[in-house]
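These notes concern the structure reproduced below.
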There are 2 protein chains.
Amino acid sequence: MLRLSKKTDYGLLALNFLASEAPAGVASARVIAEKYEIPVELLAKVMQQMARSGLVAASKGAHGGYKLGRAANTITLADIVESIDGPLAITACGRNDDPCDQYGSCTVRDPLWKVKDRILSVLQTTTLAEMGDKEVDKDIHVPLTVRV
Amino acid sequence: MLRLSKKTDYGLLALNFLASEAPAGVASARVIAEKYEIPVELLAKVMQQMARSGLVAASKGAHGGYKLGRAANTITLADIVESIDGPLAITACGRNDDPCDQYGSCTVRDPLWKVKDRILSVLQTTTLAEMGDKEVDKDIHVPLTVRV
DNA sequence: GTAATATAAGACCTAACCGGTCGGAGATAC
DNA sequence: GTATCTCCGACCGGTTAGGTCTTATATTAC
């Protein structure tokens, strides 16, 4: 699995739309939802969540809508995922709080956290601006030099 | 989220046990489950799944149990996750099969798949042998040179 | 002021999936 | 041959993500 939620997918689509296609960079939740044929109310909820995190700025009233809260090249995939799905965690047990039942005997916790950090750094180095750029075929090198 | 399932956690623990602690490299599901205080039947199911993938080899009867199907340094984290949770996919829509409702208008699919590949390569470069090595403080460099 | 349009926020329903349980089948030991 | 140990496959229930509905609130147009 290791799937990110559908809500995140929707949020990503919306952000991408605001970044590259929306006239004047503004669009209402309804317009975006109709464009991609996704439930309006659900997208609205996602937009709210991103508004609370500052990823988008909301303006009410007629001709209102959402626009990006900051430049597209400063919004990373990690920001989006965290805003919608909460902090990234690949294991059941969080870093500090609630140790799981196997905490004492768990032998794979530390290495797993390192893996998590590596995945996190992948998400942190992918910006919204890069994702919208369809033309550029990004040549991503992941040398992954593991010194043992 | 982006969480891997509890089953995967258990499978990882079991494999690690077989690799480094089990006498003669063999142990029954019951023994492993008791060691880590996890439900026997659940671990049994996980072991079955890994047996089907060839990650472990099962032998029935008295003094039976599981042992690694191949060398620990040839078993990657990606193998384990795929064996238990199915093929890695961070998006709802798979690569070839069932296009989601937004397939036609989806603008983030390709970049997301690239992200998926990068995450996959992280999992593919982490072997069971490395994870079990508690002593070595692996210094993992992820330069992530993104050329745009 | 009134109507229309937009976000904000909450409760609520539903269906898939994860986590957990049960009886059976195969292999070994004696 | 029987007892015992093991793996094996089908079955079930609770959680949760995905989706819906309703109400409140703010802004603009007229």
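Note on naming: letters A, B, ... go to the chains in the order of the sequence lines (proteins, then strands), and numbering restarts at 1 for each one.
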Can you find a heavy atom in the side chain of B/T107 that is under 4.5 Å from one in the side chain of A/F17?
no

task: Evaluate side-chain contact (heavy atoms from CB on, under 4.5 Å) for A/D9 paired with A/L4, printing each intermediate quantity in order.
output: CA-CA 8 Å; A/D9 288 346; A/L4 44 87; 3.1 Å; yes

B/L42 atom CG is separated from D/dC11 atom C1', nearest whole Å, by 15 Å

| Do any side-chain nitrogens or oxygens of A/Y66 fall under 4.0 Å of OP1 or OP2 in C/dA6? | no

In whole angstroms, the gap separating P of D/dC7 from CD1 of B/I32 amounts to 8 Å

Side-chain contact check for B/K60: nearest option of C/dA29, C/dG19, D/dC7 is D/dC7

Checking D/dC5, D/dT28, C/dA6 against the side chain of A/S28 (C-beta onward), the nearest is C/dA6

Regarding the side chain of B/Q48, the nearest nucleotide among C/dG19, D/dG19, D/dG9 is D/dG9

A/Q49 CD to C/dA8 C1', in whole Å, measures 12 Å

By nearest-nucleotide position on DNA chain D, the 5'-leaning member of B/S59 and A/G61 is B/S59

- Item | Lys/Arg-Asp/Glu bridge criterion (N-O < 4.0 Å) met for B/E34, B/R30 | yes

Of D/dC5, C/dT21, D/dG18, the nucleotide closest to the side chain of B/A62 is D/dC5

- [ ] Identify whether any heavy atom of A/A44 sits under 4.0 Å from a base atom; if not, whether one sits that close to sugar-phosphate; answer base, sugar-phosphate or nothing.
- [x] nothing

Winner on side-chain proximity to A/K6, out of C/dA9, D/dC7, D/dG18, is D/dG18

Whole-Å distance, A/R52 CZ to C/dA9 C1', equals 8 Å

note: B/E41, atom CD; D/dC11, atom C1'; distance rounded to Å ~ 13 Å

query = Within less than 4.0 Å of OP1 or OP2 of D/dT6, is there a side-chain N or O belonging to B/R30?
reply = yes

B/E34 CD to D/dC5 C1', in whole Å, measures 14 Å

Q) Are A/R3 and B/L88 side-chain neighbours, meaning at least one heavy-atom pair lies under 4.5 Å? A) no

Rounded to whole Å, NZ of A/K45 lies from C1' of C/dG10 at a distance of 9 Å

Taken to the nearest whole Å, CG/A/D9 to C1'/D/dG18 is 12 Å

Quiz item: Going by heavy atoms in the side chains, are B/V56 and B/L15 under 4.5 Å from each other?
Solution: yes

